[in-house]
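Everything on this sheet refers to the single structure shown next.
One-based numbering, in listed order, for ligands and for the atoms of each. Computation of the quantities below employed the complete heavy-atom set of this structure, encompassing side-chain atoms and omitting hydrogens, waters and symmetry-equivalent molecules.
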Amino acid sequence: MIIQLKSDITQVQKNKLIDQINSIGYKITEVQTQIGAYLIGIGKAEFDIRRFGHFEGIKDIHIVSDDYKLVSKKWKAKPTAIDLGDGVYIKDGDMAIMAGPCSIESEEQIKNVIDHLKASGIQIMRGGVFKPRSSPYAFRGLGLDGLKLWHQLAKEAGIKIVTEVMQVSQIEEMYDYVDIYQVGARNTQNFNLLDELGRVDKAVMIKRGISGTIEELLQSAEYVFSGGNEKLILCERGIRTYERASRNTLDLNAVPILKAKSHLPVVVDPSHGIGIREFVPQMALAGVMAGADGIIYEAHQVPEKAYSDGQQTLNFAQSALLAEQIRKTFALRKTFSLL
Ligand code: PEP
Ligand code: MN
């Protein structure tokens, strides 16, 4: 159960309400975000809304039986829009394109990518400066200095930045240089990291865990929301299955299911999803048709020379073509009416 509180509720009114909820055996968690105040009640007894109608300070009461609550569509039918400033959004009814290298490598590379994005009308650049690598001997990223340089060049060009944060101590030092914190697939259930990202007033994109279920992804988002941050984006990036012909299995089922269960925007990452360059475009377009609000993919001037994930990275000509086709496919999707 979620009780949305009025912003002017007094402490006395709140205490009365909490006492009443406790009296029916419910455990209460108070949530204060940058946008609203909520009481989350967890309990077994049937919750009779009529017993709470006369309490003061309540905006609305919603019965949400799922384990995740604040990210559920059951209480908030209006989709959450992520406003990155300067007219850049990630939201339902829109198609965000985020492209860039797997890893940020050098000043020259950043400039090349930015020129390509500008020429292709892409407003958000992806790239890793802290890289989670399966091997400790692989390139681990340029770190904070790389991010500062990237931010300076991106800002001059009016490009937004999405990049991975790997640990709690990086959140603060990255703050001034990112537009979206990315939580990688290996960190989806790093609950300390999620808790801390709840305290930040900046967008967070959570990737689905490598072996994570849809429910677990929503629960991870719930951590950030209940920590105070409502600016959340969900990302389907493929899961580990028995299939070995592709790097991962891009679970496009997750897109309409997440959109139906949650008010948060959903982004698809076809690069990690299939892991094979020549098939990234079709999976990107399939993601658009599945209902995604955005596509994030890897692009590099010379993918063969990329420090990481070159095998799934598009060159600039391929990326320019894909961006155009994503927009066309999205326009086509809008003409369809399903069910
Ligand atoms: C990435 O975006 O480069 C990345 C490491 O993604 P994931 O966490 O999905 O593997
Ligand atoms: Mn990558």
Protein contact to atom 4 (C) of ligand 1 [nearest heavy atom, distance to 0.1 Å]: His272 NE2, 3.5 Å
Sub-4.0 Å atoms of ligand 1 with respect to non-hydrogen atoms of Gly184: 8 (O)
N or O contact, Gln182 vs ligand 1, cut-off under 3.5 Å: yes
Neighbour count >12 (heavy atoms, 6.0 Å) for atom CZ, Arg244: yes
Contact (N/O only, under 3.5 Å) between Ala185 and ligand 1: yes
Flag side-chain contact, heavy atom, 4.5 Å: Asp66 against Lys74: yes
Connected via hydrophobic side-chain network under 4.5 Å: Met125 and Leu322: yes
Residue Lys131 excluded, over 12 heavy atoms near NZ under 6.0 Å: yes
Arg140, CZ: over 12 other non-hydrogen atoms inside 6.0 angstrom: no
Taking atom 2 (O) of ligand 1 as the reference point, the nearest protein heavy atom with its distance: Arg126 NH1, 2.8 Å
Residues, nucleotides or ligands: over 12 heavy atoms within 6.0 Å of Phe130 CZ: yes
Whether over 12 other heavy atoms sit under 6.0 Å from Glu56 CD: no
Derivation of the side chain to side chain contact (heavy atoms under 4.5 Å, CB included) call for Leu153 and Lys111: CA-CA 7 Å; Leu153 297 168; Lys111 286 181 173 163; 3.9 Å; yes
Identity and separation of the nearest protein heavy atom to atom 9 (O) of ligand 1: Arg237 NE, 2.6 Å
Protein heavy-atom partner closest to atom 6 (O) of ligand 1 - residue, atom, separation in Å: Lys207 NZ, 3.0 Å
Output field: ring centroids Tyr68/Phe225 closer than 6.0 Å: no
Options Glu236, Glu164, Met205, ranked by nearest heavy atom to atom 5 (C) of ligand 1, top entry: Glu164
With the Mn ion (ligand 2) as the apex, the OE2/OD2 angle for Glu298 and Asp309 - to 10°: 120°
Within-cut-off N or O pair, Arg186 and ligand 1, under 3.5 Å: yes
The Mn ion (ligand 2): angle it makes with NE2 (His272) and SG (Cys102), nearest 10 degrees: 170°
Atoms of ligand 1, numbered as shown, that sit under 4.0 Å from any heavy atom of Glu298: 3 (O)
Enumerated ligand 1 atoms positioned under 4.0 Å from heavy atoms of Cys102: 3 (O)
